[in-house]
Structures are given as C-alpha cells and as structure tokens.
Amino acid sequence: NRRKLEVFLNSKECSHFWKKENGEQYRKLYYSQFSFGQSNPTYHLCRYNSNFNDKNNHTHFSNFLSQNSFVLRKKPLGRLIATAHDVLRESHIMKSMFAQNIPVPEQLISCSDENICGTPFYIMRFVPGVVLLDSSLKQQTPNERRIIYMNLFKVLAKIHNAKWIPRTRPNIQKSTNIPQPSEYIGRQLMRWGGSFTQSKNKKFQSVEDLLEKLSSHKLLQETPAEEFCGVVHGDFRLNNCIYDNNNFNIAAVVDWELSTSGDCMIDVISALLEHYLSFDGNELPWRNESYGIPSPRELLEIYLKERQI
C-alpha cells in the first residue's frame, strides 16, 4: 500500500528519510519491484519532488538516482514456516556488519508494523553497482576475472574477522541469544530438515533417508577450531555481492537472511562450490590459467592471509 507507506515515511520518526543534506525536502515516492530477491519481496524506492525536471541530463539524472534511491525489503505474505523470512533479523545483522566496516548497505528504517506494508519490512540505502550473475565471467577480461574472485575472498575474510552481535529481544537474556559455533551443523540439519518436514505434501523417501544418514554423521559431534568459529553469511557467493563498475571492488554483500554464528569454513566451501559444479552443471574454467580465475588453492591462501591465520 503505497499511500500507507508514504504516510509512515512522512511521520516524525522517519523525517530523516526525506531530508537531504542541504535541507531540501522530498515529498514524493516512486517504487518498482526488483526481479531478484523474490523469497523476500524487494523494491527500489526513489524519493523526489515536483521541481526535479532534469531527466534529459543523463549525468545529472544518474547522480540524482544514486543519491536518492533506497531499497525496501519485506517479509512475504501467506503461510510461512515458523522463524523463516525474519527480515528484521537480517536488517539487524547488516547494521552490525556496517558498524564494523563490512561492505553492506546502510540500514535506515526497520519496522515491525504489519499495517503499513502487510508484513514487517526494512529500508536500506541503495548501492549502485553490478551483480555478476555469470560466475564464469565471460564478459570480463582475464585480469578482471582474477580481481573479482580475489576481492570475493578478501571480503569473505573480513566478514569472518567481524564479531557476531546478537539481537536483543524482549524477555530473552542476551547470553541465551548467541548461537554456539560448535552446534552449527546440527542446527542447520535441524532447521532445514524441519522445514522440509513442515512444507512437504507427499513422501520423498530419498530425502528422508539422507536426513537420517546425516543426523548420525560424525561432523555433528566435531567442534570447529577456534579461528574458524565466527560470523557465517550462510549463502556467500558471487551473485550475492554488488561490485563497483569501475574497479570491481565489492561495494556491498547482500542477502544475510541465513547468517548466524557458526563454522566459517561453510562459507568458504560455498564460495568455492562453483569451481567444481556451477548452476549450469559445469565447473568453472579455473584449470586454464590463461582464463584468469584463480585456483581454489590460491583463493584459500588469499583468504588465510587476509585473516592472518
């Protein structure tokens, strides 16, 4: 409901959203839905006023958009699995990462009132850049491919060097709100196995056999080494990063819904997965040195060096 959203954003508590550095006020709102981020509906917002009429000046208009664009991300409507799609938790995690100089979008507004957008939502600053959907980077040069993957693992190391800051919630002691890294794999198995059980509408014997086999795996009893216990993004990969168009530095890491405290090597494995099996069923051409994508060994060395391990 755009009208309810505009009324909320015009309330006193959100006055900072409309005010520009020079004191100018914006009173109008344009929005459109992104094609990605469908698990949690995600929208592009742009604030403006009727005085802006310079759309024919491409440079001026581009600068205006970058300064006045935001992203709204909300919990989906409908019947959902308990604890799933907790967008306010995601916003809290990014806020804590932003405070530790991790490249994430700046968080501006977090709202639990379901009367405004139908479900809880948050608003963050829009980060301009490019999302690289093709992990083989066919459109880039060998040197650019190398830089892109090196930066991916440098930022991953920076995330794993950050501190997990738990979200305080009513009637829950802070100390009990900290996930234990040693229980990470067990928690994942319980969460995803439980989600499968709640959402299935017919029997999948092969999945149930797999869950039973995994539940007795020795990894559930193993504790990660201390240096590998920390913040886990949970879905760290190339297309969950926004790259700067000019130098291929990572401008922002997004999609923190699955983040928790756990075994950091899970993120490392996730980031290396497409070296061996990409979404199109083929491994990346990293074995061809002239192509430019660093090998898994080289990326691991970069990661460990950045973490000073």
Side-chain angles (χ1 to χ4, degrees), residues 90 92-104 132 135 137 143-167 175 177-189 214 217-244 247-278 283-284 286-287 289 292-309:
E90 180 180 43
H92 163 79
I93 292 169
M94 283 193 282
K95 187 175 182 179
S96 69
M97 293 297 105
F98 186 84
Q100 298 180 70
N101 296 315
I102 304 299
V104 295
L132 300 165
S135 55
L137 305 175
N143 187 54
E144 288 171 341
R145 293 173 190 136
R146 180 174 179 79
I147 292 170
I148 287 167
Y149 272 95
M150 287 176 65
N151 286 341
L152 185 71
F153 277 77
K154 287 179 180 179
V155 167
L156 181 58
K158 195 170 183 179
I159 291 171
H160 290 167
N161 282 338
K163 293 181 179 179
W164 176 261
I165 302 176
R167 178 173 54 154
S175 60
N177 195 25
I178 304 175
Q180 296 302 311
S182 59
E183 302 167 358
Y184 176 75
I185 295 178
R187 293 199 318 268
Q188 295 300 299
L189 184 61
L214 289 174
H217 199 283
K218 65 178 182 180
L219 280 175
L220 295 180
Q221 284 76 47
E222 291 183 1
T223 300
E226 184 178 353
E227 59 267 31
F228 293 116
C229 293
V231 175
V232 177
H233 177 276
D235 193 16
F236 191 82
R237 47 196 167 96
L238 194 69
N239 59 17
N240 271 335
C241 297
I242 300 171
Y243 279 83
D244 188 307
N247 53 25
F248 290 111
N249 287 331
I250 292 180
V253 180
V254 295
D255 202 355
W256 290 77
E257 184 184 358
L258 301 179
S259 182
T260 186
S261 175
D263 186 343
C264 296
M265 290 308 292
I266 297 298
D267 276 345
V268 176
I269 293 168
S270 176
L272 287 173
L273 185 61
E274 288 195 82
H275 272 64
Y276 301 99
L277 183 65
S278 64
E283 67 173 32
L284 296 180
W286 59 270
R287 301 177 197 275
E289 291 186 13
I293 294 180
S295 69
R297 177 180 289 276
E298 187 175 1
L299 291 172
L300 278 172
E301 289 174 351
I302 291 168
Y303 168 82
L304 294 172
K305 181 179 179 181
E306 291 294 317
R307 293 207 62 198
Q308 299 182 345
I309 295 176

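Side chains are part of it too, since the values below use all heavy atoms of this structure and drop only hydrogens, waters and symmetry mates.
Atom CD1 of I148 is separated from atom CE of M150 by 12.0 Å, given to the nearest 0.5 angstrom. Distance check, rounded to the nearest 0.5 Å: CZ of R237 to CG of L132 gives 13.0 Å. Atoms CG and CD, from N247 and E144 in turn, are 11.0 Å apart once rounded to the nearest 0.5 Å. To the nearest 0.5 Å, atoms CG (N240) and CG (L258) are separated by 9.5 Å. In this structure, L299 CG and H275 NE2 are separated by 5.0 Å, a value rounded to the nearest 0.5 Å. Atom CD1 of I269 sits about 11.0 Å away from atom OH of Y276, to the nearest 0.5 Å.
Scanning both residues, L152 and C241, for their nearest heavy atoms gives CD1-SG, 3.7 Å. The heavy-atom pair separating P103 from A251 by the smallest distance is CB-O, 3.6 Å. Among all heavy-atom pairs drawn from P296 and L272, the shortest one is CA-CD2, 3.9 Å. What you find for F248 and N151 is that their closest heavy atoms are O-ND2, 2.8 Å. Between S96 and I165, the closest heavy-atom pair is CB-CD1, 3.8 Å. The two residues K154 and I302 come nearest to each other via the heavy atoms CG-CG2, 3.8 Å.
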- Task: Before giving the answer on side chain to side chain contact (heavy atoms under 4.5 Å, CB included), spell out for V231 and I102 the whole-Å C-alpha distance, their side-chain angles and the decisive distance to 0.1 Å.
- Result: CA-CA 12 Å; V231 175; I102 304 299; over 6 Å; no
- Message: Is there a side chain to side chain contact (heavy atoms under 4.5 Å, CB included) between M97 and V253? Walk through the geometry before answering.
- Response: CA-CA 10 Å; M97 293 297 105; V253 180; over 6 Å; no
- Derivation of the side chain to side chain contact (heavy atoms under 4.5 Å, CB included) call for E90 and D255: CA-CA 8 Å; E90 180 180 43; D255 202 355; 3.9 Å; yes
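Using modelled atom types, one side-chain atom of D267 and one backbone atom of G234 make a donor-acceptor pair closer than 3.5 Å. For the pair R145 (side chain) and G292 (backbone), a donor-acceptor distance under 3.5 Å is absent.
When each of Q100, Q308, R307 is paired with N161, the side-chain hydrogen bond (donor to acceptor under 3.5 Å, both in side chains) condition holds for R307 and for no other.
No close placement of the H160 and F236 rings is indicated, their centers lying 6.0 Å or farther apart.
Side-chain contact between F228 and V268: absent, with no pair of heavy atoms (C-beta onward) separated by less than 4.5 Å. Residues S259 and W164 form a side-chain contact, since some pair of their non-hydrogen atoms from C-beta on lies under 4.5 Å apart.
Within a 6.0 Å radius of CD in E289, other residues, nucleotides and ligands contribute 12 heavy atoms or fewer.
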